[in-house]
2 protein chains.
Amino acid sequence: MSGPRPFANALEMLRSAGLRPTRQRLALARLLFDKADRHVTAEQLHGEAVSAAVPVSLATVYNTLHQFIGAGLLREVVVNPGRSYFDTNVSDHHHFFLEESGRLVDIPGDRIDVSNVPLPPAGTAIRRVDVIIRVERDED
Amino acid sequence: MSGPRPFANALEMLRSAGLRPTRQRLALARLLFDKADRHVTAEQLHGEAVSAAVPVSLATVYNTLHQFIGAGLLREVVVNPGRSYFDTNVSDHHHFFLEESGRLVDIPGDRIDVSNVPLPPAGTAIRRVDVIIRVERDED
DNA sequence: TCAATAGATTAGACAAATTCTAAAGAAGCG
DNA sequence: CGCTTCTTTAGAATTTGTCTAATCTATTGA
Ligand SMILES: [Mn+2]
Ligand SMILES: [Mn+2]
Ligand SMILES: [Zn+2]
Ligand SMILES: [Zn+2]
């Protein structure tokens with residue numbers, strides 16, 4: 001269903017990223033990647049770690065999330081002012097955003113076409129295209 | 001070039017929105033709408049007002065921006081965590097975002113095609129589609 | 001095996017953006 | 001003018017995220 005995970009285990013993943021496999025990073029990597037793709041906030045992930053009896057500070061959660069982004073293991077999604085989501089799906093894709101619940105739902109990159117894009121401003125090159133489809137509860 | 005402004009003056013605009021034309025709201029409306037379309041932060045607009053010797057607090061700037069959004073005179077653009085842009089262009093359009101400078105550049109809605117969009121999650125309806133094209137300085 | 005060292009974690013202070021509160025001021029209306 | 005409602009405001013509070021400096025730990029190689 002979802003493609004094979006690129007890393008057999010968290011240890012190998014951290015090694016490949018050049019990050020020491022500490023207790024905290026191993027635990028966070030497992031929470032993030034051992035299940036299906038997810039969109040979590042830093043607070044949520046910290047809460048999960050604490051619930052799983054993993055001693056880790058919020059500062060380390062932020063440090064680790066940013067290191068994982070730097071290693072290409074995560075990406076950041078900004079849909080709301082004042083709070084970031086961290087996305088374990090790093091393939092080319094877009095999002096539905098359900099404003100009432102704050103949930104993000106993936107849209108595979110090949111399920112949406114963005115075409116006829118004008119040239120970027122002089123001296124700049126496109127780094128990424130983000131499509132956010134904001135949805136609301138339907139009046140039934 | 002840009003279509004005719006829907007309101008001859010700030011006073012009429014506020015009246016139509018059902019907002020009392022106070023000194024602060026009149027001044028902010030003129031700063032926002034008397035020139036070409038713009039993307040400003042609350043701090044920027046407050047700075048402009050203070051420079052123009054308009055006595056207004058930052059709290060009132062935020063109040064007014066949100067009232068203008070409620071009246072459909074402005075929209076909010078979120079591209080970065082921790083800071084919002086307020087966009088005086090409320091027509092259907094998208095954005096280039098220049099990360100180095102923090103500038104937003106409009107892309108007219110008819111200059112970009114988003115097609116083949118999947119159905120939104122059950123029980124939801126599309127409210128808005130935002131395309132953010134993130135660009136970076138080109139290596140020359 | 002065991003220091004030495006570089007890198008990691010942490011508590012708590014700090015910062016930035018925004019919202020809230022409650023009191024004082026101004027607009028609309030008769 | 002006087003009453004009522006809406007608006008503004010200073011400053012406190014809140015939220016999200018970053019920084020600092022002290023402590024801890026993984027790695028390495030003698
Ligand atoms: Mn995955
Ligand atoms: Mn305009
Ligand atoms: Zn995603
Ligand atoms: Zn715009």
Side-chain angles (χ1 to χ4, degrees), chain A residues 10-31 39-50 52-71 73-87 102, chain B residues 10-29 31 39-50 52-71 73-87 102 104:
Chain A
L11 188 67
E12 186 189 343
M13 183 174 101
L14 291 175
R15 289 244 165 80
S16 299
L19 296 168
R20 286 189 183 173
T22 64
R23 182 174 315 281
Q24 288 81 358
R25 290 208 273 233
L26 282 166
L28 294 176
R30 291 195 189 104
L31 287 171
H39 307 94
V40 284
T41 66
E43 294 271 358
Q44 273 172 27
L45 182 61
H46 182 245
E48 290 180 17
V50 167
V54 176
V56 62
S57 70
L58 188 55
T60 293
V61 170
Y62 277 108
N63 289 342
T64 302
L65 288 170
H66 289 144
Q67 290 152 356
F68 285 5
I69 287 174
L73 300 170
L74 281 183
R75 64 185 249 197
E76 194 171 358
V77 181
V78 181
V79 286
N80 249 358
R83 166 170 268 145
S84 278
Y85 290 83
F86 297 89
D87 189 345
Chain B
L11 189 66
E12 187 190 342
M13 183 174 102
L14 291 175
R15 289 244 165 80
S16 299
L19 295 168
R20 286 187 184 173
T22 64
R23 183 175 314 284
Q24 288 82 357
R25 291 207 272 233
L26 281 166
L28 294 175
L31 287 171
H39 306 95
V40 285
T41 66
E43 293 271 358
Q44 273 171 27
L45 183 61
H46 182 244
E48 290 179 18
V50 168
V54 176
V56 63
S57 70
L58 188 56
T60 293
V61 171
Y62 277 107
N63 289 342
T64 303
L65 288 169
H66 290 144
Q67 290 152 356
F68 285 6
I69 288 173
L73 300 169
L74 281 182
R75 64 185 248 198
E76 193 171 359
V77 181
V78 181
V79 286
N80 250 358
R83 166 170 268 147
S84 277
Y85 291 84
F86 297 88
D87 189 345
L104 283 168

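All chains are named by letter (A, B, ...) in the order of the sequence lines, taking the proteins before the strands, and each is independently numbered beginning at 1.
Among the protein residues, A:T60 comes within range of the nucleic acid bases, having at least one heavy atom under 4.0 Å from a base atom.
Separation of atoms CE (B:M13) and CG (B:L26) is listed at 9.0 Å; rounding is to 0.5 Å. To the nearest 0.5 Å, atoms CG (B:N80) and CZ (B:R83) are separated by 9.0 Å. From A:R25, atom CZ reaches atom CG of A:L19 across 4.5 Å, with rounding to the nearest 0.5 Å. Expressed to the nearest 0.5 Å, how far CD of A:Q44 lies from CG of A:L31 amounts to 12.0 Å. How far CG of B:L28 is from CD of B:E48: 9.5 Å, rounded to the nearest 0.5 Å.
Between the B:Y85 side chain and the B:G102 main chain, a donor and an acceptor come within less than 3.5 Å of each other.
Taking atom CG on B:L19 and atom P on D:dT7, their separation rounds to 7 Å, with Å as the unit. Rounded to whole angstrom, the span from the CG atom of A:L26 across to the C1' atom of C:dT9 amounts to 14 Å. Going from atom CZ of A:R15 over to atom P of D:dA26 covers 12 Å, rounded to whole Å. If you take CG of A:L65 and P of C:dT9, they are 12 Å apart, rounded to a whole angstrom. Atom C1' of nucleotide C:dT10 and atom CG of A:L28 are separated by 14 Å, given to the nearest angstrom. Rounded to an integer number of Å, the gap from CG of B:N63 to C1' of C:dG25 is 15 Å.
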Please list, pair by pair, any protein nitrogen or oxygen found under 3.5 Å from a nitrogen or oxygen in nucleotides 2-6 of chain D.
from: D:dT5; atom 1: O2; to: B:R20; atom 2: NH1; distance (Å): 3.4
from: D:dT5; atom 1: O2; to: B:R20; atom 2: NH2; distance (Å): 3.4
from: D:dC6; atom 1: O4'; to: B:R20; atom 2: NH1; distance (Å): 3.4
from: D:dC6; atom 1: O4'; to: B:R20; atom 2: NH2; distance (Å): 3.2

Every protein N/O lying under 3.5 Å from an N/O of nucleotides 14-21 of chain C:
from: C:dA17; atom 1: OP1; to: B:R83; atom 2: NH1; distance (Å): 3.1
from: C:dA17; atom 1: OP1; to: B:R83; atom 2: NH2; distance (Å): 2.5
from: C:dA17; atom 1: O3'; to: B:G82; atom 2: O; distance (Å): 3.2
from: C:dT18; atom 1: OP1; to: B:S84; atom 2: N; distance (Å): 2.9
from: C:dT18; atom 1: OP2; to: B:Y62; atom 2: OH; distance (Å): 2.3
from: C:dT18; atom 1: O5'; to: B:Y62; atom 2: OH; distance (Å): 3.1

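Residue A:T22 places at least one side-chain N or O closer than 4.0 Å to OP1 or OP2 of C:dT9.
Annotation for A:P21 and A:L11: closest pair CB-CD1, 3.4 Å, computed over non-hydrogen atoms.
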Going through the checks in order, is the side chain to side chain contact (heavy atoms under 4.5 Å, CB included) test met by A:F86 and A:V77?
CA-CA 6 Å; A:F86 297 89; A:V77 181; over 6 Å; no
Acceptor/donor pairs from residues 52-65 of chain B side chains to any protein atom, 3.5 angstrom cut, sequence neighbours excluded:
from: B:S57; atom 1: OG; to: B:T60; atom 2: N; distance (Å): 3.1
from: B:S57; atom 1: OG; to: B:T60; atom 2: OG1; distance (Å): 3.2
from: B:N63; atom 1: ND2; to: B:A59; atom 2: O; distance (Å): 3.4
from: B:T64; atom 1: OG1; to: B:T60; atom 2: O; distance (Å): 2.7

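Set against D:dT9, C:dT10, D:dA26, the side chain of B:Q24 has D:dT9 as its closest nucleotide.
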